[in-house]
Structure formats: C-alpha cells, structure tokens
There are 2 protein chains.
Amino acid sequence: MTEKALDILQRHQLRNTAVRRQVLEQFLQAGHKALSNSDLEDALENPDRITLYRTLKTFEQKGIVHQAIDGSGTTKYALCQDECSEHEHHDDHAHFHCHDCGKTICLEGSIKSAVQLPEGFQVQQKHFVLEGTCADCQPE
Amino acid sequence: MTEKALDILQRHQLRNTAVRRQVLEQFLQAGHKALSNSDLEDALENPDRITLYRTLKTFEQKGIVHQAIDGSGTTKYALCQDECSEHEHHDDHAHFHCHDCGKTICLEGSIKSAVQLPEGFQVQQKHFVLEGTCADCQPE
DNA sequence: GTATTTTTGCAACAATGTTGCATAAATAAT
DNA sequence: ATTATTTATGCAACATTGTTGCAAAAATAC
C-alpha cells in the first residue's frame with residue numbers, strides 16, 4: 001500500500017519522508033472523505049501540527065489534494081482523483097458536509113448553475129456545497 | 001434609515017439596543033456584500049468583538065442574516081433579502097468570493113446541479129461558491 | 001561518505017471562535 | 001414613574017486554527 005504513496009511522491013518530485021508517507025496513507029484510506037489538520041493530528045502518532053500544516057499546503061500546491069470547502073470553518077483536504085497538475089486544480093468540486101458528525105466527502109458529478117454574475121466579474125473556481133445529514137447520521 | 005433597522009428588530013422580537021441597531025445599519029448599507037465579525041469591528045466605534053459575535057449569531061438564528069460561505073475560512077454574514085423565518089433559511093445561496101480583495105457578495109439566481117448523492121444522504125442546504133476576481137480587482 | 005538541499009520540529013504569535021459571569025440596559029409590571 | 005424582571009453587554013479567559021522564522025535533522029546529490 002505504501003507503494004501507492006511512494007509513487008505519488010515520486011511523480012510529484014517530493015522527497016520521501018515519513019510524515020508525507022503517513023499523510024498520504026491517511027488520504028488513501030479516507031477515500032472520498034476530506035481530512036482536516038486536526039483529523040491528521042488524531043490519526044498519526046507523534047504529529048507536529050505545523051509540519052502537517054505545511055505538508056498539506058505542499059500537497060495542495062502539487063495537485064495531490066484539493067481543499068474541500070464545506071463551510072465548516074476549518075480547512076479540509078481531499079485526494080484529487082483525476083490527477084490535478086501543479087497550480088491547475090480541476091475546479092468545480094462538489095462536497096457534502098454532514099452537520100451532524102461534521103464529515104465532509106467529495107461528490108461525483110458536475111455543477112451547472114443559472115447564477116447571474118455582475119458585470120466585470122471573473123470566475124476561476126466553482127464550489128458546490130451540500131449540507132445535511134449523511135447516511136450514518138440518519139435518524140431511523 | 002434607522003427606522004428600517006428598528007422595524008427589523010421589532011418584527012423579530014429583538015430588543016432595541018445600540019449595538020444591534022448599528023450592526024443592522026452596516027448590513028443595510030452593505031447590501032449584497034457579506035460582513036465578517038472583523039469587518040464590523042472596523043466599521044463601528046467601540047465594538048466589543050464578543051458582543052458582535054453574539055449579535056451575529058442571534059441575527060442568524062432569527063433569520064435576519066445568513067452565513068455567506070465562501071471558503072475564506074472566516075465566517076461572513078449577509079442580509080437575507082426575502083425574509084427568512086426562524087430556523088428556516090431560504091437555502092440555495094450563491095456567493096461570489098474575490099480572492100484578490102477578499103470581498104464576498106450574494107448572487108441572484110438559483111442553483112441546479114447534477115451531483116450524485118450517495119444513498120441515505122439528506123440535503124438541507126445548498127451553497128454555491130464562485131471564486132475569482134470581482135469587477136474592482138480586474139486587471140485592465 | 002561527504003556536501004547540499006529540503007524538511008522537520010519548536011517557539012512564538014495573530015486571528016477567530018467560544019463560554020461564564022457580573023454589570024448594565026431594556027422591557028414589563030405595578 | 002418606579003420597581004421588578006428579563007435580556008444584552010463587556011470583560012476575562014481559554015481553545016482552535018492559521019502562520020512565519022530558525023536551527024537541527026533528514027533526504028538526496030555528488
């Protein structure tokens with residue numbers, strides 16, 4: 001499994017360090033689930049939160065992860081599935097945020113909107129955030 | 001102009017206090033622009049940030065303002081145009097966030113999406129965030 | 001195996017979010 | 001109007017997150 005992490009690091013010309021491998025493992029395990037800095041702090045053994053913070057920034061910059069905007073206030077990241085290149089994230093991300101357990105996951109599918117943009121405004125990225133309760137938090 | 005603010009307070013059964021009036025004035029002036037706690041701290045004279053924080057929470061709860069999710073990390077609020085009732089915000093908000101000046105504004109128009117929601121997930125609110133540069137920050 | 005580059009871990013600090021509590025202010029009751 | 005009651009304010013205090021600088025440690029290059 002670490003092969004996959006190693007491969008990602010190599011492909012993005014990042015040094016193979018313990019922290020980076022561990023963080024990547026977490027993301028690979030998480031699948032569509034987005035992870036915050038503190039999620040990683042909880043998951044790893046002796047994490048230094050500043051290192052994690054910088055690791056995430058590096059990964060984002062390299063196009064390994066993308067920010068999962070969910071309105072929760074804390075920054076979360078999720079694995080980019082279709083390889084995003086450096087500084088060129090595939091935009092138009094949709095995320096679901098469960099305001100019960102706080103979980104955020106990436107959704108498939110594209111966004112189309114009939115929103116009126118004032119003149120002179122230039123759009124670079126679109127985020128679609130769905131809020132509600134996830135399957136696990138459903139009251140039967 | 002304060003009449004409008006007073007009217008809003010009365011309609012929502014909120015006590016008419018100096019802070020609330022001032023905050024409402026700011027929102028009425030701001031129009032479609034969303035305001036953060038620190039925006040209000042800058043705009044008012046002797047603001048207590050905790051009071052502002054609580055004022056905003058109260059206003060949100062009463063349906064006077066709604067959170068303008070923009071991925072900026074800080075919570076911003078904007079006036080609800082069509083009266084939202086308590087705990088029943090009119091969902092489906094679209095916001096534009098300028099990552100140059102940081103400004104966030106409410107957009108008109110509705111959102112439709114072709115996003116695939118996993119089974120068992122229940123959506124309560126939708127947010128659509130457009131990121132880019134606003135008219136003021138456009139390079140000529 | 002050594003030199004060079006990059007990453008890590010720590011200190012330190014800023015901004016924001018949040019709660020408890022005594023005082024002050026606003027409304028209700030007399 | 002005055003007092004009683006309810007609610008809001010302002011302060012202290014603290015948690016969390018975001019962020020930068022720097023020396024030591026680790027990873028790659030030579």
Side-chain angles (χ1 to χ4, degrees), chain A residues 2 5-26 34-62 64-65 67-77 86 97 99 102 104, chain B residues 2 5-26 34-62 64-65 67-77 86 97 99 102 104:
Chain A
T2 315
L6 281 176
D7 181 54
I8 294 177
L9 288 177
Q10 280 183 357
R11 265 187 294 129
H12 292 91
Q13 294 159 294
L14 286 173
R15 291 197 173 183
N16 169 16
T17 73
V19 179
R20 286 177 179 167
R21 261 176 283 129
Q22 287 166 34
V23 171
L24 275 178
E25 292 298 338
Q26 292 299 320
L35 301 177
S36 68
N37 212 308
S38 88
D39 286 337
L40 292 168
E41 284 178 60
D42 293 344
L44 305 184
E45 27 211 326
N46 290 333
D48 176 66
R49 68 184 199 90
I50 290 102
T51 302
L52 291 178
Y53 166 75
R54 282 194 268 226
T55 302
L56 290 174
K57 283 207 114 177
T58 303
F59 283 4
E60 186 196 15
Q61 206 184 236
K62 289 288 185 176
I64 299 172
V65 299
Q67 273 197 229
I69 288 178
D70 68 353
S72 71
T74 51
T75 311
K76 293 179 185 173
Y77 296 91
E86 187 157 351
H97 180 229
H99 48 43
T104 300
Chain B
T2 315
L6 282 176
D7 181 54
I8 294 177
L9 288 177
Q10 280 183 356
R11 266 186 293 129
H12 292 89
Q13 295 161 292
L14 286 173
R15 292 198 171 180
N16 168 17
T17 73
V19 178
R20 286 178 180 167
R21 261 177 282 128
Q22 286 167 34
V23 171
L24 274 178
E25 293 298 338
Q26 291 300 319
L35 301 177
S36 68
N37 212 309
S38 88
D39 287 336
L40 292 169
E41 283 178 61
D42 292 343
L44 304 184
E45 25 211 327
N46 290 334
D48 177 64
R49 68 184 199 92
I50 291 104
T51 301
L52 291 178
Y53 166 75
R54 282 193 269 225
T55 300
L56 290 173
K57 283 206 115 177
T58 303
F59 283 4
E60 188 197 13
Q61 206 184 231
K62 289 288 186 176
I64 299 172
V65 299
Q67 273 197 231
I69 288 177
D70 69 352
S72 72
T74 51
T75 311
K76 292 179 185 172
Y77 296 91
E86 187 156 351
H97 180 229
H99 49 40
T104 299

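Numbers restart at 1 for each chain; the letters A, B, ... are given by sequence-line order, proteins then strands.
Considering only the side chain of Thr51(A), dT8(C) comes nearest among dG18(D), dT8(C), dT28(D). The side chain of Asp48(B) lies closest to dC11(D), out of dA8(D), dC11(D), dT27(C). Among dG10(D), dA25(C), dT8(C), the nucleotide with an atom closest to any side-chain atom of Thr55(A) is dT8(C). Listed nucleotides dT27(C), dT20(D), dG20(C) differ in distance to Ile50(A); the shortest reach to its side chain belongs to dT20(D). Side-chain proximity of Arg54(A) to dT28(D), dG17(C), dT8(C): nearest is dT8(C). Listed nucleotides dT17(D), dG17(C), dA26(D) differ in distance to Tyr53(B); the shortest reach to its side chain belongs to dG17(C).
Between the CG atom of Leu40(B) and the C1' atom of dG10(D) there is a distance of 17 Å, given to the nearest Å. Rounded to an integer number of Å, the gap from Glu60(B) CD to dG17(C) P is 12 Å. Taking atom CG on Leu14(B) and atom P on dT9(D), their separation rounds to 10 Å, with Å as the unit. The nearest whole Å value for the distance from the CG atom in Leu52(B) to the P atom in dC11(D) is 12 Å. The CG atom of Asn37(B) sits 13 Å away from the P atom of dG10(D) (whole-angstrom rounding). Distance, Arg49(B) CZ to dT19(C) P: 13 Å, rounded to whole Å. As rounded to whole Å, 10 Å separates atom C1' of dG17(C) from atom OH of Tyr77(B). The distance from atom CG of Leu35(A) to atom P of dT17(D) is 14 Å, rounded to the nearest whole Å.
Each of Arg15(B) and Asn46(B) has a nearest nucleotide on DNA chain D; the 5'-most of these lies closest to Arg15(B). Toward the 5' end of DNA chain C, the nearer of the two residues Gln13(A) and Lys57(B), judged by each one's closest nucleotide, is Gln13(A).
As judged by a 4.0 angstrom heavy-atom cut-off over every strand, Ser38(A) is placed among residues touching the sugar-phosphate backbone only. Residue contacts shown for Thr75(B) are limited to sugar-phosphate atoms, with no base heavy atom under 4.0 Å away. Using a 4.0 Å heavy-atom distance criterion, Thr58(A) is classed as making no nucleic acid contact.
The backbone N or O of Asn37(B) sits nowhere less than 3.5 Å from a side-chain atom of Arg49(B) that would complete a donor-acceptor pair. Here the side chain of Arg21(A) pairs no donor or acceptor atom with the backbone of Ala5(A) at under 3.5 angstrom. Ser38(B) places no side-chain N or O within 3.5 Å of a backbone atom of Glu41(B) that could act as its donor or acceptor partner.
In this structure, the separation between CG on Leu9(A) and CD1 on Ile64(A) is 6.0 Å, given to the nearest 0.5 Å. Atom OG1 of Thr51(A) is separated from atom CG of Leu40(A) by 12.0 Å, given to the nearest 0.5 angstrom.
Distances shown here put every side-chain N or O of Thr74(B) at or beyond 4.0 Å from the OP1 or OP2 atom of dA15(C).
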